[in-house]
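Quick notes on the structure that follows.
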Amino acid sequence: MDKKHKSNVIFRSWRKDPRTGKILYARNYGLKAWAIPIKDLEDTEFSQSRTNKPE
């Protein structure tokens with residue numbers, strides 16, 4: 001658990017802006033990664049990242 005965010009988080013170098021739907025890269029904002037609370041992830045986004053297997 002992340003004490004600062006008060007929930008479990010993952011860190012990603014990109015995130016999707018909820019207002020515009022555009023991909024934002026952390027480096028463009030002087031960051032290495034975004035802290036994203038797991039509860040804010042969509043079910044499909046989380047499951048796709050876990051189940052993508054090369055064919």
Side-chain angles (χ1 to χ4, degrees):
M1 181 180 295
D2 183 23
K3 302 289 184 195
K4 182 178 178 182
H5 298 285
K6 307 268 192 276
S7 67
N8 294 328
V9 297
I10 62 171
F11 293 93
R12 284 194 178 159
S13 62
W14 59 273
R15 73 177 179 98
K16 190 182 242 184
D17 184 355
R19 291 184 304 144
T20 63
K22 293 183 179 181
I23 301 295
L24 302 175
Y25 292 97
R27 292 216 173 228
N28 294 344
Y29 296 89
L31 303 170
K32 288 185 178 181
W34 302 100
I36 302 174
I38 292 177
K39 66 179 181 171
D40 289 348
L41 292 176
E42 295 178 11
D43 290 335
T44 57
E45 185 178 348
F46 185 69
S47 64
Q48 285 178 356
S49 66
R50 295 294 224 167
T51 60
N52 283 350
K53 296 178 182 175
E55 294 182 12

One should read off an interatomic distance between Arg12 CZ and Ile23 CD1, to the nearest 0.5 angstrom, of 9.5 Å
Excluding sequence neighbours, so at least two apart, what forms side-chain contact (heavy atoms from CB on, under 4.5 Å) with Ala26?
-> Leu31, Trp34
Could I get the full list of side chain to side chain donor-acceptor pair (under 3.5 Å) partners for Asn28, not counting sequence neighbours?
-> none
Where at least one partner belongs to residues 18-27, residue pairs that pass side-chain hydrogen bond (donor to acceptor under 3.5 Å, both in side chains), sequence neighbours excluded = Asp17-Thr20
